[in-house]
Amino acid sequence: MRIFKFGGASVKDAEGVKNLVNVLKEVGYDNTLLVISAMGKTTNSMEEVVDSYFAEKERLSFKVQEVVDFHNKILSDLFPNEQHPVFKKVKSLFDEIQGFLVWNKSPNYNFVYDQLVGYGELICTTIVSAYLDEVGMKNTWLDVRNFIKTDNSYRDTNVNWERTQEKISKGIDRKVLNVTQGFLGSDDNNFTTTLGREGSDYTAAILAYCLNADSVTIWKDVPGVLNADPRHFKETQLLNKISYTEAIELAFYGASVIHPKTLQPLQRKEIPLHVKSFINPKDSGTTVGRGIGIEPLVPCFIVKKNQVLVKLSSLDFSFIVEHSISELFKLLHEHKMKVDLIQNSAISFSVCVDNKFGGLNGLLELLKSRFKVVCHEDVSLYTIRHFNETAVESFLNGYDVLLEQRGKETLQLVVK
């Protein structure tokens, strides 16, 4: 069995859905499970719905209607007959959204986020599944929430592997074309949970692991895994082959083409991962599997923007040692700060973090009572894997470097 994952860019409009069909016709779809993200920028739009629910109630109906109109346009382009059953199915999902907005009493932002944002995937897969049926590709639509079971750490949940394995083994027919959602799971109370932004790749890996799949293919709008993100770097090069270990390193440092959690379950069962272009599906793309390093061996550039660099030093010139460092990490954990880089000396400690859960201000208040604090917001963390001096010299030109850390294979720079 094969797992195909299609991201939002591949199904951003009706033409994208039609192209997905063309990809399946070219590469085959027997014994295949499709994992599909929300259409285009729907997740961003649903996040605006959540924000309006909490902060701008007067704009809430407008924000919901934007999402409705976006999907209705795609429906009309794909199904000229508005009596097609898919219209009723999609309307029912929007009715569920409206119902939740009325009856929900929880003030927990993360809980509300998960209950609402995941409708992007549910609506998208409902539309895609119906269109596949329309063109003769009979398929089974699956609600992934019935299969991937998690705890209730909303927005960044943890998978219950034992229960998930049991559900998937009993409930998914490997011999047919299946369509399901990425990003989603459910907790013990059957409330929707999410696996973190860009978690659809992880969904594909979870399903592959539990189904003992032959391979996973992630379909992207790029030729494969490149040595740099073309949105931020002018010259890029395709990496033909990458080992699991190297790919995990690149994902850990922030390479956006593969979700960091995706590779570990695949590596455990040595399931190969292919990253290919949905524009040119017959091209070879990139294969991640057993092996050493990368081919070709070239410097790889990774950037994480909108980071925060916090520099701490002792108020009384006392040493920052094990006890104080453990306290610092406890505070970082409590404020849900994702740590991307640390550097410390006897009397100073620097950390580059991602403030994606908005805990920075509360953290800084506590830190200022114990340390001298210098905070740089809106910085970028650049990582150069397999760096050489030529690559470093060309990169450093024009940047104000706030922090530098070098290892044998990896150079990291925090720049303003």
Side-chain angles (χ1 to χ4, degrees), residues 43-44 46-56 104-118 150-159 183 185 187 191-199 202 251-254 256 259-261 302-315 320 322-344 348-383 402-403 405 412 414-416:
T43 300
N44 292 343
M46 290 303 296
E47 288 178 339
E48 292 178 8
V49 170
V50 177
D51 290 341
S52 296
Y53 175 78
F54 281 101
E56 294 182 287
N104 172 65
K105 304 300 181 187
S106 173
N108 183 332
Y109 181 95
N110 292 338
F111 170 78
V112 173
Y113 180 100
D114 278 10
Q115 306 322 301
L116 289 174
V117 171
T150 72
D151 63 14
N152 60 358
S153 301
Y154 299 111
R155 289 189 70 191
D156 197 17
T157 193
N158 300 295
V159 175
F183 184 51
D187 64 16
F191 286 117
T192 303
T193 58
T194 62
L195 303 172
R197 282 299 300 262
E198 311 302 330
Y202 188 33
F252 173 78
Y253 288 120
S256 61
H259 190 273
K261 294 180 181 177
I302 302 161
V303 59
K304 286 185 175 181
K305 293 187 175 291
N306 302 314
Q307 304 292 292
V308 180
L309 178 63
V310 180
K311 293 187 174 185
L312 309 175
S313 55
S314 304
L315 292 171
I320 296 180
E322 289 84 353
H323 174 71
S324 50
I325 289 176
S326 67
E327 285 294 317
L328 286 169
F329 275 101
K330 184 172 182 289
L331 288 172
L332 290 165
H333 173 71
E334 289 173 350
H335 289 80
K336 293 189 175 183
M337 308 299 292
K338 185 180 182 301
V339 177
D340 292 318
L341 174 67
I342 60 170
Q343 189 176 93
N344 70 288
S348 68
F349 181 92
S350 298
V351 58
C352 185
V353 297
D354 187 342
N355 184 35
K356 69 175 182 176
F357 291 108
L360 179 64
N361 290 335
L363 174 65
L364 291 177
E365 285 184 18
L366 290 172
L367 291 177
K368 287 176 181 177
S369 66
R370 307 180 193 185
F371 301 95
K372 179 182 177 181
V373 179
V374 177
C375 179
H376 300 273
E377 297 188 53
D378 196 24
V379 300
S380 296
L381 172 61
Y382 284 88
T383 301
L402 302 173
L403 188 69
Q405 188 159 280
Q412 290 191 282
V414 179
V415 304
K416 187 70 175 175

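This is a predicted model, so every value here is computed, not measured.
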Separation between OG1 of Thr194 and CD of Gln115, rounded to the nearest 0.5 Å = 9.0 Å

Which atom names give the shortest non-hydrogen contact between Tyr253 and Ile302, and what distance separates them?
-> O-CG2, 3.5 Å

Asp340/Lys304 under salt bridge (charged side-chain N to carboxylate O under 4.0 Å, His left out): CA gap, chis, key distance, verdict | CA-CA 9 Å; Asp340 292 318; Lys304 286 185 175 181; 2.7 Å; yes

Min side-chain heavy-atom separation Gln307-Asp354 under 4.5 Å = yes

Taking side chain as C-beta onward, heavy atoms only, is Gln412 less than 4.5 Å from Val414?
-> no

Take atom NZ in Lys416; do more than 12 heavy atoms of anything else shown fall under 6.0 Å from it?
-> yes

Straight-line distance of Lys336 NZ to Asn355 CG, nearest 0.5 Å = 12.5 Å

Close side-chain approach of Leu367 and Leu328, heavy atoms under 4.5 Å = yes

Residue pair Asp114, Thr192: steps toward the side chain to side chain donor-acceptor pair (under 3.5 Å) verdict = CA-CA 6 Å; Asp114 278 10; Thr192 303; over 6 Å; no

Does the side chain of Leu195 reach to within under 4.5 Å of the side chain of Thr157, using non-hydrogen atoms?
-> yes

NE2/His333 to CG/Leu331 distance, rounded to the nearest 0.5 angstrom?
-> 11.0 Å

Report the distance from atom SG of Cys352 to atom NZ of Lys338, rounding to the nearest 0.5 Å.
-> 10.0 Å

Closest contact, heavy atoms only, Val303 versus Ser380 | CG2-CB, 4.3 Å

Would you give the length of the straight line joining atom CD of Gln405 to atom CG of Leu341, rounded to the nearest 0.5 angstrom?
-> 5.0 Å

If you round to the nearest 0.5 Å, how far is NZ of Lys311 from CZ of Phe349?
-> 13.0 Å

Closest non-hydrogen atom pair between Cys375 and Val310, with its separation = SG-CG2, 4.4 Å

Flag side-chain contact, heavy atom, 4.5 Å: Ile342 against Phe329 = yes

Report the relative orientation of the aromatic rings in Phe54 and Tyr109; use parallel for angles under 30°, tilted for 30 to 60°, perpendicular for over 60°.
-> tilted

Would you call Tyr154 and Phe191 a side-chain contact if the rule is heavy atoms closer than 4.5 Å?
-> yes

Got His335 and Leu366 here, is their nearest side-chain heavy-atom distance under 4.5 Å?
-> yes

For the residue pair Leu309 and Leu403, establish whether any side-chain heavy-atom pair is separated by less than 4.5 Å.
-> yes

Do you know which of Thr150, Asp156, Asp151, Asn152 makes side-chain hydrogen bond (donor to acceptor under 3.5 Å, both in side chains) with Thr193?
-> Thr150

